[in-house]
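Notes for the one structure printed next.
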Protein chains: 2
Amino acid sequence: MAASQDNDVPVFQRIKDYLLAQIHAGQWREGDAIPSEPELARQFGVSRMTVNRAVRELTAEQVLTRVQGSGTYVAQHKYQATLVEIKSIAEEVRARGHRHRSELHLLERDKASELMAMPFGMKPGQLLFHSIIVHLENDVPIQVEDRWVNPAVAPAYLEQDFSQITPNEYLMVAAPLQGVNYSIEALTPPREIAQMLHMAAKEPCLVLKRRTLSQGEAASVATMWHPGNRYQFAGSF
Amino acid sequence: MAASQDNDVPVFQRIKDYLLAQIHAGQWREGDAIPSEPELARQFGVSRMTVNRAVRELTAEQVLTRVQGSGTYVAQHKYQATLVEIKSIAEEVRARGHRHRSELHLLERDKASELMAMPFGMKPGQLLFHSIIVHLENDVPIQVEDRWVNPAVAPAYLEQDFSQITPNEYLMVAAPLQGVNYSIEALTPPREIAQMLHMAAKEPCLVLKRRTLSQGEAASVATMWHPGNRYQFAGSF
DNA sequence: GAGTGGTCTAGACCACAAT
DNA sequence: TTGTGGTCTAGACCACTCC
């Protein structure tokens, strides 16, 4: 069989995949030069224009940087997010060509505190589902997701395997989204959060709080903590 | 002379500019089909590959959508989150029924550092306008606005009275907005910033960086520092 | 001067949509 | 069948960097 795989995948895309794989495998590190266009064209047995498209697109995606007359280099990683899009963090990480993994720290039924009862429009003491998950990008923690879920909207929440699907992805299916409130703040994290994110003491966190509405009631309230020194929201229009 | 303008601008970029101009001028509306690749190639007297690159990039930028076998269409505009609305902070404060006031800390002509030259697409040492303004809500500082402005786009910037109008308000009028990049981070502020915001040491700041484009070039690069304990971005949709 | 990326050409073959 | 986009080629010339 060899490694033919003529699966319809365009050549320029296969070259992109190859380059991303090399970077993720650590063959080429940040700042390293990658092979030149003529060299890649020779390796793949394609024309330079095809290689050019692959490399140009990866440059537009900020995976590579190019310097005319000099060469093409692996870009400095920036952990950027597309802000308030209701997108799964796992998808976001994978879209950057990186590896997503999550650690489940807590998944249980718990009573609503006074503070938590309010956004759900409940009385304190009513039962909610509560999960705490750490999301890692290439094994570096980038988010602690502290989420409370309304059992009326997603009764099977506790039975999910959150190593395979993110709470966000599950809720998107289980509870059709009607609306969202969010806020973004800069806060000093409590010690437990700082530990989970492998942060030095007193480093600031970028905190996104999000409340989603479904079927006319609050479905979920999530607080997402990100290390300030390696995560940012970004976008353009 | 006609409209030759061989200003070094690559042909594919000129085609992109043309297509964007047609859309902004309302010649083509959402959902309308635009001319086919061969047709554009004929109009511009270039090869189809060149047109293809222009159209493909605009598709990646979500300005156009393409359907193989059918044609190329103007995409539906996306209604972005309220988050990064280009709103004046003065307006925002007044909308809360509070009193806005600003203190001008600096307003001068200064040379672009290496770091500042990059987002403007200039070389270090070229002259830029630089202002630092503190915005107060009911006499409590809530934002330090550190702004660099391209003199080519707003030549009268230094003559404005920024106790009466915010830089943002002025630039909205002086330089019609074409695009925005932004990022949001949580950072520990340098001492001078912390002092201007009357913050305790080591408190985190919520930092919004925004680059605005006008007339095809970078008009302004602003870094806005907010005290983490009394400011947040919020919205809903 | 040799090597790099930046752009462009004038063809080509294919998959798909509309008719 | 015709027209559309999707991809690819095998050259080319240029601007730039590095030596």
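So you know, we letter chains A, B, ... as the sequences are listed, proteins then strands, and number each from 1.
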(request) Using whole Å, report how far NZ of B:K16 lies from P of C:dC8. (result) 12 Å

(message) Measuring to OP1 and OP2 of D:dG5, would you say a side-chain N or O of B:T72 lies under 4.0 angstrom away?
(response) yes

(request) Answer yes if the side chains of B:N52 and B:R48 hold a donor-acceptor pair under 3.5 Å, and no otherwise. (result) no

(request) Report yes if a side-chain nitrogen or oxygen of B:S70 is closer than 4.0 Å to either non-bridging phosphate oxygen (OP1 or OP2) of D:dG5; otherwise report no. (result) no

(request) Measure from the side chain of B:Q68, starting at C-beta and using heavy atoms only, and say which of D:dC18, D:dC8, D:dG5 lies closest. (result) D:dG5

(request) Measure from CZ on A:R42 to C1' on D:dA10 and round the result to the nearest Å. (result) 17 Å

(message) Under 3.5 Å, is there a donor on one side chain and an acceptor on the other for B:S220 and B:R211?
(response) no

(request) Answer yes or no: is there an ion pair linking A:E37 with A:R42, defined by an N-O contact shorter than 4.0 Å? (result) no

(message) When you compare the side chains of B:Q143 and B:H226, does any donor N or O come within less than 3.5 Å of an acceptor on the partner?
(response) yes

(request) Please determine, for the side chain of A:R66, which listed nucleotide (C:dC8, D:dG6, C:dG6) has the closest atom? (result) C:dG6

(message) Which residue is it: A:E145, A:K209, A:H135? I am looking for the one with a side-chain contact (heavy atoms from CB on, under 4.5 Å) to A:M224.
(response) A:E145

(request) Take B:G69 and A:P10, find for each the nucleotide of DNA chain D with the closest heavy atom, and name the residue whose nucleotide sits nearer the 5' end. (result) B:G69

(message) Within residues 47-59 of chain A, which residues have any heavy atom lying less than 4.0 Å from an atom of DNA chain D?
(response) A:S47, A:R48, A:M49, A:T50, A:R53

(request) Could you check whether the rings of A:Y18 and A:F44 sit parallel, tilted or perpendicular, using 30° and 60° as the cut-offs? (result) perpendicular

(request) Would you mind telling me which of D:dT7, C:dT7, C:dT4 lies closest to the side-chain atoms of A:S36? (result) C:dT4

(message) How many whole angstroms separate atom CD of B:E37 from atom P of C:dA15?
(response) 18 Å

(request) Give the rounded distance in Å between these two atoms: CZ of B:R14 and P of C:dT7. (result) 12 Å

(request) Measure the OH-CZ distance between A:Y170 and A:F162 for me, rounded to the nearest 0.5 Å. (result) 7.5 Å

(request) Rounded off to whole Å, could you give me the CZ-to-P distance for the A:F12 and D:dG6 pair? (result) 10 Å

(message) How many whole angstroms separate atom CG of B:L40 from atom C1' of C:dT9?
(response) 17 Å

(message) Could you tell me how far apart A:Y73 (OH) and D:dT17 (C1') are, to the nearest whole angstrom?
(response) 9 Å

